[in-house]
2 protein chains.
Amino acid sequence: MKNPVPTVGKRRENGKARRPDRDGEIGLDGLVGHAGYAVRRFQIWIFQDFIRTLAAVDIKPTQYSVMTVIGANPGMTQMAVAKRLGIERARLVHLLDSLEARNLVKRVPSRTDRRSHALHLTPSGQASLRQFKMLAAEHERHVDEKIGPENRRRLLEILSAFH
Amino acid sequence: MKNPVPTVGKRRENGKARRPDRDGEIGLDGLVGHAGYAVRRFQIWIFQDFIRTLAAVDIKPTQYSVMTVIGANPGMTQMAVAKRLGIERARLVHLLDSLEARNLVKRVPSRTDRRSHALHLTPSGQASLRQFKMLAAEHERHVDEKIGPENRRRLLEILSAFH
DNA sequence: TATTGTTATACTCTATAACTATA
DNA sequence: TATAGTTATAGAGTATAACAATA
């Protein structure tokens, strides 16, 4: 016999009334009110929707952010991109390898510092990025549908400290 | 010559004025207004603070969520915990192995279904969880300090759809 | 000496598949 | 047949360290 909602004696942590979750399965209880947990669940949802929405062009959130930053700041070095996005420079090497193999990005030797590369979008990369941005905008509309446009606006405002 | 803020013709997504980032280094431009990016940066910050704040007791966010759910719903099966938290059941095995090795959680053979385990906190686990919760509350206060108590409240409200 | 890009390694997390013992 | 727990493997992602070329 299944026992999905155990009736074993358990009291609320705080005085709050029981609020069954959406499916009416098991109460999260202690996790309600934890910002990190809420944010983690939301991030999983939003990344999955992004990946799904841009699946046809095979672009993941990190690839999109790399191309967007390069597109907005052509000539950046790898170090600058890595720092800006909080990516390890070792990992960026592989990310750029794959974007370069797809002819979306190119590494140009810097003439001011022969250790570093100036990063640029290829013409094909610029055209592609325009398409990616349209799909990303569609993804943002999914977020609007999920939490409401007004809440999305508030969320971006609250999190503006984390650019 | 560096070119950190290119003047290449690209207009703001919305009508908002340019807002240079905190360090005044390189503009994110195209990434402003993307909910997923903002949420990712915030999640990194909040998890790092959680890990730092609970470093003395060596408890990571996922371990905390597992213990909290078991504490609030004693007798849950591994499948139920995995589904509830969105963790792979294969991964939960290892998580529970380590929590059990630390005498925080125990697997009790279910008498109604001999395939499954009923999960419980040990007495030591219950005492520890109370301590973890105090540290987690301290972590939440850090979030308050970072974004403001009112914004934290709004954030939890907006993300309540993702329990 | 320090920094840029690169390579390599280890550890965590995610995603699967397969196996066992039960149901 | 299907499910719960387990084991194993492969792929991302993260964190380090070390190296060559250059500053």
Side-chain angles (χ1 to χ4, degrees), chain A residues 1-4 6 26 36-37 40-41 43-45 47-48 50-52 55 58-66 70 75-101 105-120, chain B residues 2 36-37 40-41 43-48 50-52 55 58-66 70 75-101 105-120:
Chain A
M1 187 221 198
K2 301 253 182 71
N3 190 15
I26 293 157
Y37 183 75
R40 172 178 164 252
R41 296 304 293 240
Q43 212 234 311
I44 290 170
W45 181 87
F47 265 53
Q48 282 176 348
F50 186 100
I51 292 169
R52 209 180 308 126
D58 191 26
I59 286 289
K60 301 279 170 45
T62 310
Q63 296 174 308
Y64 177 83
S65 67
V66 168
I70 295 174
M76 280 179 94
T77 64
Q78 296 185 195
M79 273 305 292
V81 171
K83 263 192 184 169
R84 176 67 275 181
L85 293 176
I87 301 170
E88 283 300 316
R89 72 186 200 274
R91 202 187 144 223
L92 186 60
V93 172
H94 302 298
L95 282 165
L96 289 173
D97 285 350
S98 102
L99 292 174
E100 210 168 20
V105 166
K106 60 169 179 274
R107 290 164 161 116
V108 179
S110 161
R111 263 180 297 189
T112 59
D113 183 341
R114 280 161 58 200
R115 291 171 305 182
S116 64
H117 298 151
L119 299 172
H120 295 271
Chain B
K2 300 253 182 70
Y37 183 76
R40 170 177 166 253
R41 296 304 294 240
Q43 212 234 312
I44 290 170
W45 181 87
I46 204 166
F47 266 53
Q48 281 176 347
F50 186 100
I51 292 169
R52 209 181 308 127
D58 191 27
I59 287 290
K60 302 278 170 47
T62 310
Q63 296 174 307
Y64 177 83
S65 68
V66 168
I70 296 174
M76 280 178 94
T77 64
Q78 297 185 195
M79 273 304 292
V81 171
K83 263 192 185 169
R84 176 66 276 183
L85 293 177
I87 301 171
E88 283 300 316
R89 72 187 201 273
R91 201 186 145 224
L92 185 60
V93 171
H94 302 298
L95 281 166
L96 289 174
D97 284 350
S98 102
L99 292 175
E100 209 168 22
V105 165
K106 61 170 180 272
R107 291 164 159 115
V108 179
S110 161
R111 263 182 297 190
T112 59
D113 183 341
R114 280 161 58 199
R115 292 171 305 182
S116 65
H117 298 150
L119 299 172
H120 295 271

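These numbers come from a predicted model, not from an experiment. Naming convention: chains lettered A, B, ... in sequence-line order (proteins, then strands); numbering from 1 in each chain.
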Whole-Å distance separating the [atom1] atom of [X] from the [atom2] atom of [N]:
| X | N | atom1 | atom2 | result |
| --- | --- | --- | --- | --- |
| B:Met76 | D:dA4 | CE | C1' | 14 Å |
| A:Met79 | C:dT6 | CE | P | 12 Å |
| B:Lys83 | C:dT14 | NZ | P | 18 Å |
| A:Ile51 | D:dA12 | CD1 | C1' | 10 Å |
| A:Ile44 | D:dA12 | CD1 | P | 18 Å |
| A:His117 | C:dT3 | NE2 | P | 19 Å |
| B:Phe50 | C:dT12 | CZ | P | 17 Å |

Exercise for review: Name every residue in residues 91-99 of chain B that has at least one heavy atom under 4.0 Å from any atom of DNA chain D, in order of residue number, or write none if there are no such residues.
Suggested key: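 The stretch gives B:Val93 as the residues lying under 4.0 Å from the strand, ordered by number.
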
Review point. Listed by chain and number, what are the salt bridge (charged side-chain N to carboxylate O under 4.0 Å, His left out) partners of B:Arg115, not counting sequence neighbours?
Key: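 With neighbours one apart ignored, the set is B:Asp113.
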
Can you measure from [atom1] ([X]) to [atom2] ([Y]) and round to the nearest 0.5 angstrom?
| X | Y | atom1 | atom2 | result |
| --- | --- | --- | --- | --- |
| B:Thr62 | B:Leu99 | OG1 | CG | 10.5 Å |
| A:Ile70 | A:Leu96 | CD1 | CG | 5.5 Å |
| A:Ser65 | A:Arg84 | OG | CZ | 11.0 Å |

**Study point:** A:Leu92 to A:Ala82 - nearest heavy-atom pair and separation
**Key:**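 Between these two residues, the closest heavy atoms are CD2-N, 3.8 Å.
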
Check your understanding: In chain order, what residues pass the side chain to side chain contact (heavy atoms under 4.5 Å, CB included) check against A:Arg40, with sequence neighbours excluded?
Key ->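 So A:Arg40 forms a side chain to side chain contact (heavy atoms under 4.5 Å, CB included) with A:Tyr37, A:Ile44, B:Gln43, B:Phe47, B:Ile87.
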
Point to revise | Test side-chain contact (heavy atoms from CB on, under 4.5 Å) applied to B:Met79 and B:Arg89, step by step | key: CA-CA 6 Å; B:Met79 273 304 292; B:Arg89 72 187 201 273; 3.2 Å; yes

Review point. Do any pairs count as a salt bridge (charged side-chain N to carboxylate O under 4.0 Å, His left out) and have a residue in residues 90-101 of chain A, sequence neighbours left out, and if so which ones?
Key: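 Those involving residues 90-101 of chain A are A:Asp97-A:Arg107, A:Glu100-A:Arg107.
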
Point to revise | Counterpart residues, side chain to side chain donor-acceptor pair (under 3.5 Å), relative to B:Ser98 (two or more places apart) | key: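 Residues passing side chain to side chain donor-acceptor pair (under 3.5 Å) with B:Ser98: none at all.
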
Review point. With sugar-phosphate meaning primed atoms plus P, OP1 and OP2, does B:Glu88 contact a base, only sugar-phosphate, or nothing at under 4.0 Å between heavy atoms?
Key: base

Exercise for review: Just call it for B:Thr77: base, sugar-phosphate, or nothing, with non-hydrogen atoms closer than 4.0 Å on any strand.
Suggested key: sugar-phosphate

Is there any protein nitrogen or oxygen under 3.5 Å from a nitrogen or oxygen in nucleotides 17-23 of chain D, and what are the pairs?
{"residue": "D:dA23", "atom": "OP1", "partner": "A:Arg114", "partner atom": "N", "Å": "2.9"}

**Study point:** 5'-most by nearest nucleotide on DNA chain C - A:Gln48 or A:Gln78
**Key:** A:Gln78

